[in-house]
Trainee: 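Below is a structure I'd like to ask you about.
In what follows, chains are A, B, ... by sequence order, proteins preceding strands, each numbered from 1.
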Amino acid sequence: MSIAIKNSRVRIAPSPTGFLHIGTARTALFNYLFAQNYKIRGDNASFILRIEDTDQERSKKEYEEDILNGLNWLGIEWDEGPTLHGTEKGNFGPYNQSKRERKLKSYSNYLTQLLKNGKAFACFCPSSKEEIEDKNNDKFHILCPYKDMAYNPDETRQFVIRYKNTYAEKLEERFKKGGDAFKTNEDDYVTFQDLVRNKISSPKDILGHFVIAKSFDEPLYNFAVVVDDYEMKITHVIRGEDHIPNTPKQLLLAEALGWAQVDETGVFQAPWTYAHLPLILGTDRSKLSKRHGATSVNEYKTLGYLPEAMVNFMALLGWNPGDEQEIFSKEELAKEFSLEKIQKSGAVFDTVKLDWMNGEYIRRKSVEELTALCIPFLEKAGLIKIQNAKIKSQHYNPKLKIDEYVNRILALEQPRLKKLSETGERVNFFFQEPEYDKELLRWKNMSDEDIKKALQKAEKLLSVINPPIDKKTLEKAFFDEIGDSDKGKLLWPLRAALSGKKASPGPFEIVEILGIEESIKRLEQAEQKFG
RNA sequence: GCCCCUAUCGUCUAGAGGCCUAGGACACGGGCUUUUCAAGCCCGGUACAUGGGUUCGAAUCCCGUUAGGGGCACCA
């Protein structure tokens with residue numbers, strides 16, 4: 001299938017004022033998948049990472065690094081932007097807004113142009129911080145008395161630069177006559193086409209004379225975005241729907257700069273097309289935030305989620321290919337991706353389903369891969385140590401090398417694991433003597449005497465078993481002894497004595513890994529609990 | 001308060017006027033397997049917000065209502 005647009009360029013523009021957020025990662029993923037999909041279909045598409053660090057006070061280098069590392073961990077690769085090594089790639093740099101003004105004078109040049117053309121004005125409103133934070137005070141800005149003052153380069157007083165919204169003046173008139181400064185009844189709308197929601201309209205007047213820069217070299221978000229998207233030749237702006245209210249402002253600025261115009265049907269045409277993604281919601285259906293729990297990609301990594309599961313799960317939040325497949329590789333997602341299949345309403349981030357999906361991915365790993373993934377978590381749990389790339393730990397079975405020992409433990413737990421962080425808790429009894437209350441050994445209503453006898457019987461059976469020590473041999477020996485009676489009477493105390501847990505893999509699998517000697521030792525220790 | 005967006009099982013969703021007495025997945029309940037916990041297999045319950053149109057026919061199209069969400073910074 002061929003496509004009309006060539007050299008499609010999309011971008012993700014996070015601000016480094018916090019760790020990589022799940023919402024940002026999902027937006028990045030959709031942009032990435034969009035570009036990958038176009039590449040597959042023959043377009044020379046690019047996915048750009050741009051760092052919006054115009055707010056020098058809140059932006060931090062460590063956050064920028066976290067964003068880069070997080071995207072890298074997820075496997076969301078960008079074609080242009082800052083790199084992990086502190087350099088840049090791509091021909092449209094710099095990719096940090098802070099550097100763009102310094103090197104290119106991007107923003108001050110266009111600011112001057114707007115001022116000259118009378119599309120913007122320097123505003124000397126003596127607003128205090130309190131006044132600015134008071135929403136009602138904004139009518140003061142709509143009615144800014146300084147809007148007709150010419151900009152004077154010698155002016156030393158502080159000023160900000162505002163977009164001159166001629167429609168706002170209609171509001172002024174109404175306000176002067178005693179109306180509400182925010183009540184609009186004009187039918188001048190800015191209307192744009194959205195690839196997800198079709199047409200979106202919003203009145204022009206209520207926007208007022210909004211601020212576009214704090215000074216010539218301190219551009220503000222709405223202005224900086226428009227300039228950057230234009231200079232970077234962005235063709236599709238794919239972002240969260242929380243940006244819908246910003247879009248009219250950006251379109252008005254693009255129009256003032258001569259980059260956008262209204263077509264004969266009244267729709268704004270910019271060099272790029274918009275697609276606003278539904279939001280990711282918390283369980284109470286409000287925008288996902290800290291109070292809902294983990295929101296940064298890094299936290300999910302620490303909890304032991306696999307990047308493949310995260311990508312698969314995030315992709316299905318607000319998008320779906322229309323069939324009944326649930327598990328998708330990154331490549332399959334890229335192949336199937338299309339903006340038309342994006343949902344319009346928000347999607348709750350349901351960690352229960354994420355856990356299931358993560359388990360699916362864990363089960364698909366080879367034992368070697370799983371071991372490699374789990375080692376850091378075993379180390380963190382204090383069960384093993386890594387020295388010179390070799391595993392060191394307490395190890396109970398002299399017949400197995402340590403690597404084999406660990407591999408077999410993880411192979412045993414593989415179907416049970418949902419998160420890698422659970423590994424330590426699940427397998428600790430393979431690395432240290434279990435601690436438990438003697439009541440754990442009781443199956444149904446067995447007496448102390450019954451339990452002791454069961455433990456002794458198990459011990460006896462183990463001590464006379466002939467190699468090979470494997471599940472099959474053990475099963476035969478025990479089942480021959482048990483016959484038709486209740487298996488739990490012998491097997492529950494055995495399993496509990498070996499694992500010290502009320503839930504664990506079966507006793508034969510444990511013996512197989514733990515070895516006969518250690519198993520017998522644990523049975524003896526269990527017997528001692530009964531004197 | 002004002003502007004904007006949205007509306008199918010608890011959750012993610014399929015559904016582009018008849019194939020829908022609404023399909024799948026997670027979760028939940030039950031069963032098989034089973035010494036426990038998983039995994040696996042089988043079965044089950046639960047949804048088109050509401051009122052009006054349009055149409056021979058509406059989950060699907062239009063309007064209102066209601067509900068939810070987002071946004072209203074010299075943050076992004």
Trainee: Calculate the interatomic distance between L279(A) atom CG and G68(B) atom C1'; express it in whole Å.
Mentor: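 Between C1' of G68(B) and CG of L279(A): 13 Å.
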Trainee: Send over the distance from K502(A) NZ to U36(B) C1', rounded to a whole Å.
Mentor: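 In whole Å, U36(B) C1' and K502(A) NZ are 11 Å from each other.
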Trainee: So which nucleotide does C19(B) pair with, by the Watson-Crick or G-U wobble rule with both distances under 3.5 Å?
Mentor: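 When the pairing criteria are applied, nothing turns out to pair with C19(B), so the answer is none.
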Trainee: Do K344(A) side-chain and A7(B) base share a donor-acceptor contact under 3.5 Å?
Mentor: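 Result: no qualifying N/O pair found.
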Trainee: Expressed in angstrom and rounded to an integer, what is the separation of D484(A) atom CG from U35(B) atom C1'?
Mentor: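 Taking atom C1' of U35(B) as the reference, CG of D484(A) is at 16 Å.
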Trainee: Does the ring center of F121(A) lie less than 6.0 Å from the ring center of H209(A)?
Mentor: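 Here the rings of H209(A) and F121(A) have centres that are less than 6.0 Å from each other.
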Trainee: So, OP1 or OP2 of U11(B): does either fall under 4.0 Å of a side-chain N or O from R285(A)?
Mentor: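 Yes.
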Trainee: For P16(A) and E64(A), which heavy atoms make the closest approach, and how far apart are they?
Mentor: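 So the minimum-distance heavy-atom pair works out to CB-N, 3.7 Å.
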Trainee: Taking the minimum atom-to-atom distance to the side chain of R416(A), which one of G71(B), C4(B), A38(B) wins?
Mentor: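 Shortest atom-to-atom distance from the side chain points to A38(B).
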Trainee: What's the gap between C41(B) and A27(B) when it is taken at their P atoms, as a whole Å value?
Mentor: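 Rounded to whole Å, the distance is 12 Å.
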Trainee: What's the gap between C75(B) and A67(B) when it is taken at their C1' atoms, as a whole Å value?
Mentor: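 31 Å, rounded to whole Å.
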Trainee: Strictly below 4.0 Å: does K214(A) bring a side-chain N or O up to OP1 or OP2 of C75(B)?
Mentor: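 Yes.
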Trainee: Below the 4.0 Å mark, does C26(B) have OP1 or OP2 next to a side-chain nitrogen or oxygen of K353(A)?
Mentor: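 No, outside the criterion.
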Trainee: Under 4.0 Å, counting only non-hydrogen atoms across every strand here, what does V352(A) touch: a base, just sugar-phosphate, or nothing?
Mentor: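 Touches sugar-phosphate only.
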Trainee: Are side-chain N/O atoms of Q193(A) and T273(A) paired as donor and acceptor at under 3.5 Å?
Mentor: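 Side-chain D/A pair, Q193(A) to T273(A): absent.
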Trainee: Can you tell me which nucleotide in C37(B), U11(B), U13(B) comes closest to the side chain of V348(A)?
Mentor: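 Between C37(B), U11(B), U13(B), the one nearest the side chain of V348(A) would be U11(B).
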Trainee: Within the structure shown, what part of the strands sits under 4.0 Å from P278(A) by heavy-atom distance: base, sugar-phosphate, or nothing?
Mentor: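 It contacts nothing in the nucleic acid.
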Trainee: Counting only Watson-Crick pairs (N1-N3 plus N6-O4 or O6-N4) and G-U wobbles (N1-O2, O6-N3), all under 3.5 Å, who is the partner of C2(B)?
Mentor: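 By the stated definition (distances under 3.5 Å), G71(B) pairs with C2(B).
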Trainee: Checking all strands, does R197(A) fall into the base, sugar-phosphate, or nothing category for heavy-atom contacts under 4.0 angstrom?
Mentor: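 It contacts sugar-phosphate atoms only.
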Trainee: Could you work out the separation of C19(B) and A59(B) based on their P atoms and round it to a whole Å?
Mentor: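 So the two P atoms sit 9 Å from each other.
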Trainee: Any donor-acceptor pair under 3.5 Å between the side chain of D323(A) and the base of A14(B)?
Mentor: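 In this structure, the two groups form no donor-acceptor pair.
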Trainee: So which nucleotide from C4(B), C26(B), U35(B) ends up closest to the side chain of W492(A)?
Mentor: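 Looking only at heavy atoms from C-beta outward on W492(A), the closest nucleotide is U35(B).
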Trainee: My understanding is that a pair needs two contacts under 3.5 Å, Watson-Crick or G-U wobble. By that rule, which nucleotide pairs with U66(B)?
Mentor: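 A7(B) is the nucleotide pairing with U66(B).
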Trainee: Rounded to the nearest Å, what distance is computed from the CZ atom of residue F216(A) to the C1' atom of nucleotide C74(B)?
Mentor: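 The distance from CZ of F216(A) to C1' of C74(B) comes to 15 Å, rounded to the nearest Å.
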Trainee: For A14(B), does either OP1 or OP2 sit under 4.0 Å from a side-chain N or O belonging to Q343(A)?
Mentor: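 So the side-chain polar atoms of Q343(A) do come within 4.0 Å of the phosphate oxygens OP1 or OP2 of A14(B), strictly under.
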Trainee: Would you check if the distance from the ring center of F192(A) to the ring center of F268(A) is below 6.0 Å?
Mentor: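 Judged by ring-centre distance (under 6.0 Å), F192(A) and F268(A) do not meet the cut-off.
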Trainee: Counting only side-chain heavy atoms from C-beta out, which of C26(B), G70(B), C12(B) sits nearest to K287(A)?
Mentor: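 Nearest to the side chain of K287(A) among the choices is G70(B).
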Trainee: Using a distance-only test with no angle check, is there a side-chain donor-acceptor pair under 3.5 angstrom linking D229(A) and Q250(A)?
Mentor: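 Judged by distance alone, the side chains do not pair up.
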Trainee: Please compare S201(A) and L281(A) by the position of their nearest nucleotide in RNA chain B and report the one closer to 5'.
Mentor: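 So the residue in question is S201(A).
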Trainee: Phosphate oxygens OP1/OP2 of A76(B): is one of them under 4.0 Å from a side-chain N or O of T54(A)?
Mentor: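 Yes.
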Trainee: Quick check on salt bridge (charged side-chain N to carboxylate O under 4.0 Å, His left out): which of K365(A), K330(A), R364(A) does E308(A) satisfy it with?
Mentor: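 So the option named by the test is K365(A).
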Trainee: I want to check one thing: is the phosphate of A39(B), taken as OP1 and OP2, less than 4.0 Å away from some side-chain N or O of K418(A)?
Mentor: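 Indeed, a polar side-chain atom of K418(A) lies that close.
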Trainee: Taking pairing as Watson-Crick or G-U wobble with both contacts under 3.5 Å, can you name the mate of U33(B), or confirm there isn't one?
Mentor: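 Because no pair has both required distances under 3.5 Å, U33(B) counts as unpaired.
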